[in-house]
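One is the number of the first residue; the rest follow in order along the sequence.
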Amino acid sequence: MTHTQTHSKSRQQAEIAFGHTQAQFFARDHAVEELDALVQAREAKTLRLREARLAKEAQEIAAATEALISRRLRKS
């Protein structure tokens, strides 16, 4: 009977140790998923801001070109 109890305690300790290892693994996996989500959100925001900046720059260039053309036409 002593051998069975020792085996049972040993088994319980092994199960607990495995549970801790599993918990650490899943916690690390969850942290990596959170970081990936943050990186993707940052990249999406950067892309939106870049597109907005390029659109604004294109609009400013078009307005400056139009102003230059209208000035030249008035001089002619």
Side-chain angles (χ1 to χ4, degrees):
M1 189 163 187
T2 307
H3 183 10
T4 307
Q5 289 175 339
T6 303
H7 178 70
S8 180
K9 281 184 181 180
S10 170
R11 173 73 183 241
Q12 287 175 349
Q13 289 173 344
E15 297 271 347
I16 290 170
F18 181 72
H20 288 305
T21 302
Q22 244 186 341
Q24 289 173 350
F25 174 77
F26 287 124
R28 186 176 336 126
D29 192 39
H30 183 68
V32 168
E33 288 176 0
E34 285 182 11
L35 288 175
D36 285 345
L38 288 173
V39 168
Q40 289 175 356
R42 184 181 315 125
E43 288 174 352
K45 182 176 181 181
T46 300
L47 182 61
R48 282 193 311 273
L49 290 172
R50 181 180 297 126
E51 289 173 346
R53 177 181 50 82
L54 291 174
K56 181 181 176 187
E57 288 174 359
Q59 187 178 17
E60 289 171 352
I61 289 170
T65 303
E66 191 176 319
L68 181 62
I69 290 171
S70 66
R71 265 190 255 139
R72 285 190 179 171
L73 288 175
R74 276 188 256 146
K75 286 182 180 179
S76 299

Restricting to pairs with a member in residues 14-28, which pass salt bridge (Lys or Arg N to Asp or Glu O under 4.0 Å), not counting sequence neighbours? Arg11-Glu15
Run the side-chain donor-acceptor check on residues 52-73: report pairs under 3.5 Å with partners two or more places apart or on a different chain.
unit_1	atom_1	unit_2	atom_2	d
Arg53	NH1	Glu57	OE2	3.4
Thr65	OG1	Ile61	O	2.8
Ser70	OG	Glu66	O	3.3
Ser70	OG	Ala67	O	2.9

Check the side chains of His30 and Glu34 for a donor-acceptor pair under 3.5 angstrom, ignoring hydrogens and angles. yes
Please output the side-chain donor-acceptor pairs of residues 40-47 that fall under 3.5 Å, not counting sequence neighbours, one pair per line with the distance.
unit_1	atom_1	unit_2	atom_2	d
Thr46	OG1	Arg42	O	2.9

